[in-house]
Amino acid sequence: MSAHLRARFDHAKKEGRPAFVTFTTAGHPSPNETVEIMKGLQAGGADVIELGIPFTDPLADGVVIQKANAIALKQGMNLPKTLDIVRQARKEGVHVPVILMGYYNPLLMYGEERIVRDAKEAGANGFIVVDLPPEEAIKFRGFCTKDGLSYVPLIAPSTSENRIKILAPIADSFIYVVSKMGTTGASGTVNAALPELLERIRQYSKDTPLAVGFGVSTREHFLSVGAVADGVVIGSKIIQVIEEAPEGQRGEVVRKYCNEITGGRMSDKLTREVGIVESIDKSMNKKEAHPDEVIQAHEGTEGVNGLADQMDALAQAQNGEIKDDTLIPSRFGEFGGQYVPEALVDCLAELEQEFIKANNDPAFWEEFRSYYPYMGRPGHLQFADRLTEYVGGAKIWLKREDLNHTGSHKINNALGQVLLAKRIGKKEVIAETGAGQHGVATATVCAKFGLKCTVYMGAEDVRRQALNVFRMKLLGAKVVAVESGTQTLRDAVNEAMRAWVTNLSTTHYILGSAIGPHPFPTIVRTFQSVIGEETKEQMQKLRGKLPDAVVACVGGGSNSVGMFYPFANDTSVKLLGVEAGGDGVETLRHSATLTGGKKGVLHGVRTYILQDDQGQIMDTHSVSAGLDYPGVGPELANWKDTNRAEFIAATDANAFEGFRILSQTEGIIPALESSHAVYGAIQLAKTMKPDEDIVICLSGRGDKDVQSVAEELPRLGPQIGWDLRF
């Protein structure tokens with residue numbers, strides 16, 4: 001089946017032209033039209049069809065394909081139905097190679113070995129998995145090789161020469177070359193540096209065909225790229241053509257567009273081509289093989305030797321013969337990793353190397369601590385005497401991160417990362433934010449150090465956190481409201497990552513939570529560990545011992561991992577994380593990832609996520625914008641599986657109860673995020689002795705949430721007996 005792909009490129013080369021690789025999304029604009037569109041692509045001259053598997057969070061795709069994914073998913077499209085489309089297309093005469101293209105999580109949920117087997121049975125020829133770089137895909141590529149399917153690697157303009165040495169030898173059909181940095185989408189220009197990029201790749205790819213995509217949309221582009229490449233990929237423009245075509249005529253409109261691109265090359269050959277390959281197996285004994293005929297005899301040794309070559313390339317790199325520090329990404333048990341588009345891999349390697357240098361440099365930490373007066377550190381540890389008296393049981397202490405400059409723990413990481421950005425030489429910063437606290441902290445440090453700042457925030461969060469939006473703008477930051485998806489933190493992360501991959505050379509992404517691909521979880525935890533380190537020292541001074549328990553709210557995990565990590569090896573200290581239970585974990589309206597989620601991959605990391613049975617990311621809900629996220633940091637996921645930490649869920653009503661009690665016993669209005677931890681700590685304290693100690697990480701102040709509380713009080717107040725009338 002991989003030989004079928006290679007044969008198409010060889011045939012195109014013999015005809016003195018580039019292979020034409022096309023893309024369409026399965027189920028867009030409707031499931032019953034996709035086969036007709038595939039037939040139109042073939043009739044118009046397509047040598048290969050990439051069939052997109054719809055996914056809720058397509059990080060590497062631009063607006064056009066994002067929209068196509070959303071439309072397909074809304075109509076119930078999923079991976080099994082995508083395979084059904086391939087089967088039906090084969091029955092109706094689509095004989096050109098079909099590559100399944102998409103993101104890893106749906107394949108992971110389906111089962112890696114099973115999807116390869118079922119894809120082969122359906123008639124697919126291989127896979128392009130956008131966020132599954134080869135070093136994360138050793139097992140998956142093994143399954144592909146075993147069943148004769150192709151695993152197509154991607155190479156981007158940012159890919160280093162050392163990495164090209166690794167990627168080029170593992171290609172068994174062709175290499176997908178990303179022509180420009182950024183996301184998919186038709187554009188008016190083609191990268192002028194493309195010939196140089198292809199020349200770099202050909203030094204190591206031998207005779208493996210190179211197909212170029214991203215930004216190609218016109219016949220002029222096709223001819224220009226085709227003059228230097230072995231194949232040309234068009235995707236977003238085809239989706240646009242499909243959307244603009246009248247219903248019932250889309251297959252024909254696509255055929256005409258493809259004919260324009262190819263100069264009508266295939267139209268006179270359509271009758272001869274259709275039906276030639278009814279069965280791949282029947283063609284293997286022919287002396288003169290048509291390009292659509294796969295000679296399986298070629299695959300007899302290709303499968304075994306191909307996998308061996310791939311393993312050798314990776315082994316050489318891992319043993320130091322080819323130096324690349326990203327080949328063994330940092331993991332926490334089975335969690336972590338770097339499940340990212342190829343364009344990000346070397347950038348993350350640079351970030352890791354610079355972070356390691358900074359972390360080992362006493363001068364860096366001396367500079368970091370020099371800003372403690374600016375940040376408001378060391379933070380206070382306060383005994384909550386009236387709360388302790390109100391609850392009964394253990395003594396309750398508050399680690400007052402709410403007193404930090406900007407009003408939360410977020411300044412710790414923002415300050416550390418902006419120093420790292422300056423060290424790397426980046427002049428611009430982007431960030432995502434949910435509740436707005438990380439956005440405010442990032443805008444603050446960018447103002448302090450004179451860096452351009454752009455913050456991505458879900459449109460719903462922009463509405464419910466208007467005060468923080470104004471603060472960010474006041475500090476000079478640009479705030480981009482994200483209208484896609486649920487318009488919350490998850491969508492803000494998506495857009496921030498898309499923006500970052502477009503501007504890697506000038507921009508640093510200050511990721512605010514302990515999520516994302518390695519090394520971000522480690523970076524965030526390192527800067528936030530000041531919380532737990534201070535708590536440990538202060539408790540020893542005030543009580544002469546460690547606390548018996550520490551409690552923190554859990555969204556992505558920045559404040560909780562910062563509080564927990566310094567106590568990770570102190571097994572006498574209970575670690576309790578409190579997630580956002582929303583309307584209840586038994587409903588679909590919650591954000592309790594560790595309590596109600598399953599293992600998967602989201603935003604570049606393997607962790608627990610909220611997903612359906614098809615691997616699509618579920619919508620989340622929390623009254624707290626900062627906890628409204630469907631994933632969690634990998635280190636927290638590992639602590640859950642190893643039973644080092646316990647995680648519970650507090651509902652919206654529970655959080656309101658914590659909010660009210662702390663406000664009325666201590667005169668401290670907490671953030672709604674922190675209110676979840678307050679509620680969890682109250683329940684825990686009731687089960688403990690008076691001589692035991694609990695420390696709550698009070699991660700932020702509640703000024704930003706007062707309007708949200710007022711709006712939600714009529715709904716949630718009656719559930720907790722809180723009647724607050726003005």
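No donor-acceptor pair under 3.5 Å is formed between the side chain of Glu428 and the backbone N or O of Lys452. Of the possible polar contacts, one joining the Ser158 side chain to the Ala343 backbone as a donor-acceptor pair under 3.5 Å is found. At distances below 3.5 Å, at least one donor-acceptor pair connects side-chain atoms of Ser674 with backbone N or O atoms of Gly700. The backbone N or O of Leu511 sits less than 3.5 Å from a side-chain atom of Asn413, completing a donor-acceptor pair. Gln611 contributes a side-chain N or O that, together with a main-chain N or O of Lys598, makes up a donor-acceptor pair within less than 3.5 Å. The main-chain N or O of Val482 is never found under 3.5 Å from a side-chain atom of Asp491 such that the two would form a donor-acceptor pair. With hydrogens and angles ignored, the 3.5 Å screen pairs no side-chain donor or acceptor of Asp461 with any backbone N or O of Gly458. Judged by distance alone, with hydrogens and angles left aside, the side-chain atoms of Arg525 form no donor-acceptor pair with the main-chain N or O of Ala514 at under 3.5 Å. The main-chain N or O of Gln437 is never found under 3.5 Å from a side-chain atom of Lys704 such that the two would form a donor-acceptor pair. Here the side chain of Asn468 pairs a donor or acceptor atom with the backbone of Ala435 at under 3.5 angstrom.
With respect to Glu334 and Lys599, a salt bridge is recorded, a charged nitrogen being found less than 4.0 Å from a carboxylate O. Remark: Arg498 engages Glu495 in a salt bridge, criterion side-chain N to carboxylate O under 4.0 Å. Between Asp703 and Arg471 there is no salt bridge, since no side-chain N of the basic residue sits under 4.0 Å from a carboxylate O of the acidic one. A salt bridge does not link Lys536 with Glu533: none of the charged nitrogens is closer than 4.0 Å to a carboxylate oxygen. By the 4.0 Å N-to-carboxylate-O rule, Glu135 lies close enough to Arg163 to be salt-bridged with it.
To the nearest 0.5 Å, atom CD1 of residue Ile617 and atom CG of residue Leu610 are 8.5 Å apart. To the nearest 0.5 angstrom, His380 atom NE2 is 8.0 Å from Arg400 atom CZ. To the nearest 0.5 Å, the span separating CD1 on Ile648 from CG on Leu684 amounts to 8.0 Å. Atom CD of Gln417 and atom CG of Leu420 lie 6.5 Å apart (nearest 0.5 Å). Interatomic distance, NZ of Lys541 versus CD of Gln538, reported as 8.5 Å (0.5 Å rounding). With rounding to the nearest 0.5 Å, the separation of NZ in Lys478 from NZ in Lys473 is 11.0 Å.
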Is there a side chain to side chain contact (heavy atoms under 4.5 Å, CB included) between His676 and Ser622? Walk through the geometry before answering. CA-CA 11 Å; His676 289 73; Ser622 173; 4.2 Å; yes

Can Arg200 and Ile155 be said to form a side chain to side chain contact (heavy atoms under 4.5 Å, CB included), step by step? CA-CA 11 Å; Arg200 283 201 296 132; Ile155 292 179; over 6 Å; no

Do Arg423 and Asp361 pass the side chain to side chain contact (heavy atoms under 4.5 Å, CB included) test, and can you show the C-alpha distance, the side-chain angles, and the key distance before you say yes or no? CA-CA 12 Å; Arg423 191 181 180 103; Asp361 184 356; 3.2 Å; yes

After noting the C-alpha distance and the side-chain angles of Thr159 and Glu342, does the key distance pass the side chain to side chain donor-acceptor pair (under 3.5 Å) rule? CA-CA 7 Å; Thr159 305; Glu342 176 59 33; 3.3 Å; yes

Passes side chain to side chain donor-acceptor pair (under 3.5 Å), Arg331 versus Asn638? Steps please. CA-CA 9 Å; Arg331 290 183 180 273; Asn638 186 51; over 6 Å; no

Using salt bridge (Lys or Arg N to Asp or Glu O under 4.0 Å), reason through Arg202 and Glu199 one step at a time and then give a plain yes or no. CA-CA 5 Å; Arg202 286 195 173 106; Glu199 186 59 34; 5.2 Å; no

Run Leu198 and Val177 through side chain to side chain contact (heavy atoms under 4.5 Å, CB included) and show every step you take. CA-CA 8 Å; Leu198 296 179; Val177 180; 4.0 Å; yes

Hey, can you pull the donor-acceptor pairs under 3.5 Å for the side chains in residues 544-557, sequence neighbours left out?
{"residue": "Lys545", "atom": "NZ", "partner": "Asp548", "partner atom": "OD2", "Å": "2.9"}
{"residue": "Lys545", "atom": "NZ", "partner": "Asp693", "partner atom": "OD2", "Å": "2.7"}
{"residue": "Asp548", "atom": "OD2", "partner": "Asp693", "partner atom": "N", "Å": "2.8"}

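Closest approach of Ala637 to Tyr608, counting heavy atoms only: CB-CD1, 3.7 Å. Lys399 approaches Met563 most closely through the heavy-atom pair CB-CE, 3.9 Å. Closest approach of Cys347 and Leu504 over heavy atoms only: SG-CD2, 3.6 Å. Among all heavy-atom pairs drawn from Leu627 and Ser591, the shortest one is O-CB, 3.3 Å. Considering all non-hydrogen atoms of both residues, Leu348 and Gln338 come closest at CB-NE2, 3.7 Å. When all heavy atoms are compared, the tightest approach of Pro630 to Thr593 is C-OG1, 3.5 Å.
Contact of the Phe567 side chain with the Thr535 side chain is registered, since non-hydrogen atoms from C-beta on lie closer than 4.5 Å. Using a 4.5 Å cut-off on side-chain heavy atoms (C-beta onward), His603 and Asn494 make contact. In this structure, Tyr103 and Asp57 have side chains that are not in contact, with every pair of non-hydrogen atoms separated by 4.5 Å or more. Side chains of Ser513 and Ser558 form a contact here, defined as non-hydrogen atoms less than 4.5 Å apart. Side-chain contact between Glu635 and Pro521: absent, with no pair of heavy atoms (C-beta onward) separated by less than 4.5 Å. In this structure, the side chains of Gln465 and Thr433 stay at 4.5 Å or more apart for every pair of heavy atoms. Looking at heavy atoms from C-beta onward, Ile166 lies out of side-chain contact with Asn162 at the 4.5 angstrom threshold. Side-chain atoms of Phe520 and Leu351, non-hydrogen and from C-beta on, do get closer than 4.5 Å to each other.
Phe449 does not carry Lys422 over the face of its six-membered ring by the limits of under 6.0 Å from the centre and within 45° of the normal.
More than 12 non-hydrogen atoms from other residues, nucleotides or ligands lie less than 6.0 angstrom from CG of Asn360.
Below 30°, between 30° and 60°, or above 60°: for Tyr374 and His405 the angle between ring planes is above 60°, a perpendicular geometry. Taking the six-membered ring for Trp and thresholds of 30 and 60 degrees, Phe140 and Tyr151 have ring planes more than 60 degrees apart, a perpendicular arrangement. Between Tyr176 and Phe214, the two ring planes are perpendicular [angle over 60°; tilted spans 30° to 60°].
Neither side chain, Asn559 nor Glu673, offers a donor N or O lying under 3.5 Å from an acceptor on the other.
Checking each of Tyr629, Tyr509, Tyr456 against Glu432 for a side chain to side chain donor-acceptor pair (under 3.5 Å) leaves exactly one that passes, namely Tyr509. With Phe527 as reference, Phe368 is the one residue of Tyr371, Tyr565, Phe368 to meet the ring-ring contact (aromatic ring centres under 6.0 Å, His included) rule.
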